[in-house]
Amino acid sequence: MKKPIGLFGGTFDPIHHGHLRSALDIASVLDLEYINLVPNHRSPHKQNNNTSNEHRLAMLKLAVEHCPQLSIDERELHVAGPSYTVNTLETLRTNHPERPICFLMGMDSLLSFTKWHRWQDILSVCHLVVSQRPGWPLPDQGEIAQLLDKHRCIDADILHQTLNGHIFIHHAHPLSISSSEIRDLTSRNQTCQFLLPDAVNAYIVKHRLYQQS
Ligand code: ATP
């Protein structure tokens with residue numbers, strides 16, 4: 001079977017080293033063909049106002065400029081209204097009927113996974129690869145724990161041998177960085193250097209993003 005491709009959805013408001021390091025690490029450890037970062041048009045899971053699509057996309061482009069393993073899939077930005085992961089994944093599956101697809105997410109996202117639109121269908125299209133995130137332990141009871149009992153795989157080779165249906169927990173290098181921390185620091189005129197790529201940091205400063213109005 002061909003190597004799996006990875007998809008990493010998010011608001012990326014802004015993209016930071018937590019996103020980038022976990023994606024790169026997963027691409028290498030799981031031997032993925034490549035990973036596409038998929039910025040949401042408007043996250044159905046988040047209440048806060050997003051920065052414009054144009055700014056978030058511009059920052060993503062700066063972040064992956066020198067990283068051939070990561071590219072950007074802009075399709076959800078062109079959807080009117082909320083974008084749903086399941087729709088993006090189904091289109092990708094149609095385009096790649098014989099390739100494993102890995103959808104990447106952080107542990108906080110897995111914990112709300114059963115609230116996602118048509119979440120049951122997502123595992124019939126792809127595997128989930130979940131990064132540990134400091135402060136978000138693996139649940140040992142409840143709906144997500146049951147989901148893990150049913151779908152978790154420990155052996156990464158399974159992700160190469162099957163098209164969909166498994167959940168793999170990725171353990172290495174969790175970085176305690178979040179976009180909300182960056183927005184908060186910026187709004188208080190504190191530096192965000194080393195939390196995100198310098199070029200993205202410079203873009204935020206230049207365009208005065210995340211300032212209190
Ligand atoms: P916010 O602080 O605004 O909630 P965020 O930092 O969680 O944002 P998102 O764009 O919402 O960033 O996240 C996109 C995906 O990246 C989610 O699946 C999230 O769990 C994951 N993610 C975010 N930060 C990290 C990190 N430091 N390590 C691993 N995964 C992360």
Side-chain angles (χ1 to χ4, degrees), residues 6-30 32 35-53 55-64 67 69-70 72-74 76-77 82-86 88-89 101-117 119 122-123 126-139 144 147-148 167-188 190 192 194-197 200-201 204 209-210:
L7 219 70
F8 190 15
T11 312
F12 303 120
D13 187 19
I15 179 99
H16 53 70
H17 281 145
H19 297 127
L20 292 161
R21 187 59 229 173
S22 65
L24 210 54
D25 211 31
I26 286 168
S28 147
V29 171
L30 298 184
L32 304 186
I35 292 178
N36 272 342
L37 303 176
V38 189
N40 297 333
H41 173 73
R42 196 176 63 203
S43 172
H45 316 295
K46 293 202 171 185
Q47 299 302 316
N48 54 330
N49 288 335
N50 299 332
T51 309
S52 74
N53 290 346
H55 281 317
R56 289 184 297 119
L57 180 61
M59 291 189 281
L60 275 173
K61 285 182 176 167
L62 290 169
V64 303
C67 186
Q69 297 94 322
L70 304 180
I72 303 168
D73 182 333
E74 298 181 22
E76 293 191 5
L77 296 179
S83 48
Y84 290 111
T85 302
V86 67
T88 303
L89 286 164
I101 298 173
C102 292
F103 186 79
L104 279 58
M105 61 172 68
M107 185 62 76
D108 57 311
S109 297
L110 179 70
L111 297 182
S112 65
F113 182 63
T114 50
K115 297 192 179 72
W116 290 27
H117 181 61
W119 65 271
I122 292 180
L123 278 164
C126 67
H127 301 301
L128 301 184
V129 174
V130 182
S131 291
Q132 284 205 307
R133 255 186 112 171
W136 301 94
L138 198 66
I144 302 298
L147 191 76
L148 285 167
I167 303 178
F168 183 85
I169 309 289
H170 176 65
H171 290 284
H173 302 304
L175 293 181
S176 180
I177 303 174
S178 67
S179 300
S180 37
E181 178 191 9
I182 290 168
R183 294 195 300 273
D184 179 53
L185 286 171
T186 308
S187 74
R188 292 188 287 113
Q190 306 277 311
C192 292
F194 305 134
L195 295 176
L196 72 179
V200 177
N201 199 21
I204 291 171
L209 303 183
Y210 314 123

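Atoms within each ligand, like the ligands themselves, are counted from 1 in listed order. All values reported here derive from a predicted model rather than from experimental measurement.
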K.L.:
Heavy atoms, side chains only, cut-off 4.5 Å: are Leu77 and Arg56 in contact?
P.N.:
yes

K.L.:
Kindly give the heavy-atom pair with the smallest separation between Leu104 and Phe8, and that separation in Å.
P.N.:
O-CD1, 3.4 Å

K.L.:
Could you check whether any side-chain heavy atom of Ser22 comes within less than 4.5 Å of a side-chain heavy atom of Arg133, counting everything from C-beta outward?
P.N.:
no

K.L.:
Please determine whether any non-hydrogen atom of Gly9 lies less than 4.0 Å from an atom of ligand 1.
P.N.:
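Judged by the 4.0 Å heavy-atom criterion, Gly9 does count as contacting ligand 1.
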
K.L.:
Tell me the closest heavy-atom pair linking Ile72 and Pro39, and the distance in Å.
P.N.:
CG2-CD, 4.2 Å

K.L.:
Who's closest to atom 7 (O) of ligand 1 heavy-atom-wise, of Arg21, Met107, Arg133, Met105?
P.N.:
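Result: the heavy atom closest to atom 7 (O) of ligand 1 is in Arg133.
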
K.L.:
So if I count the atoms of ligand 1 from 1 in the order they appear, which ones are less than 4.0 Å from some heavy atom of Asp108?
P.N.:
19 (C), 20 (O)

K.L.:
Which value, rounded to the nearest 0.5 Å, describes the distance between Ser112 atom OG and Met105 atom CE?
P.N.:
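Spacing of OG (Ser112) from CE (Met105) equals 8.0 Å.
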
K.L.:
Please determine if Ser131 has a nitrogen or oxygen closer than 3.5 Å to a nitrogen or oxygen of ligand 1.
P.N.:
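By distance alone, the answer is no.
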
K.L.:
Just to be sure I read this right, does ligand 1 sit under 4.0 Å from the backbone of Glu181, its side chain, both, or neither, counting only heavy atoms?
P.N.:
neither

K.L.:
Is the shortest N/O to N/O distance between Gln132 and ligand 1 below 3.5 Å?
P.N.:
no

K.L.:
State, yes or no, whether a side-chain contact exists between Leu111 and Pro139 at a heavy-atom distance under 4.5 Å.
P.N.:
yes

K.L.:
Which of the atoms of ligand 1 are close to Phe12, meaning less than 4.0 Å from one of its heavy atoms?
P.N.:
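Counting from 1, the qualifying ligand atoms are 10 (O).
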
K.L.:
Nearest 0.5 Å please: distance from the SG atom of Cys102 over to the CD1 atom of Ile167.
P.N.:
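Answer rounded to 0.5 Å: 12.0 Å.
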
K.L.:
Show which atoms of ligand 1 fall inside a sub-4.0 Å distance from at least one heavy-atom site of Ser180.
P.N.:
1 (P), 2 (O), 3 (O)

K.L.:
Taking only heavy atoms of Ser109 into account, list the atoms of ligand 1 that are under 4.0 Å away from them.
P.N.:
17 (C), 18 (O), 19 (C), 20 (O)

K.L.:
How many angstroms lie between CG in Leu62 and CG in Leu57, if you round to the nearest 0.5 Å?
P.N.:
9.5 Å

K.L.:
Evaluate the side-chain proximity of Trp116 to Val86: yes if any heavy-atom separation is below 4.5 Å, no if none is.
P.N.:
no

K.L.:
Would Ile177 count as a contact of ligand 1 if the rule is a heavy atom under 4.0 Å away?
P.N.:
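Yes; Ile177 lies near enough to ligand 1 that a heavy-atom distance drops under 4.0 Å.
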
K.L.:
With heavy atoms under 4.0 Å as the rule, classify the contact between Ser22 and ligand 1 as side chain, backbone, both or neither.
P.N.:
side chain

K.L.:
Consider every N or O of His16 and every N or O of ligand 1, then say whether any pair is closer than 3.5 Å.
P.N.:
yes

K.L.:
Is any side-chain heavy atom of Leu24 closer than 4.5 Å to a side-chain heavy atom of Cys67?
P.N.:
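The answer is yes; the side chains approach within 4.5 Å.
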
K.L.:
Hey, which atoms in ligand 1 end up nearer than 4.0 Å to a heavy atom of Arg183?
P.N.:
3 (O)

K.L.:
Could you tell me, atom by atom, which parts of ligand 1 come under 4.0 Å of a heavy atom of Ser179?
P.N.:
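Listed by number with element: 1 (P), 2 (O), 3 (O), 5 (P), 6 (O), 8 (O), 12 (O).
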
K.L.:
Please say whether Gly10 places an N or O atom under 3.5 Å from an N or O atom belonging to ligand 1.
P.N.:
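N/O-N/O distance below 3.5 Å does not exist for this pair.
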
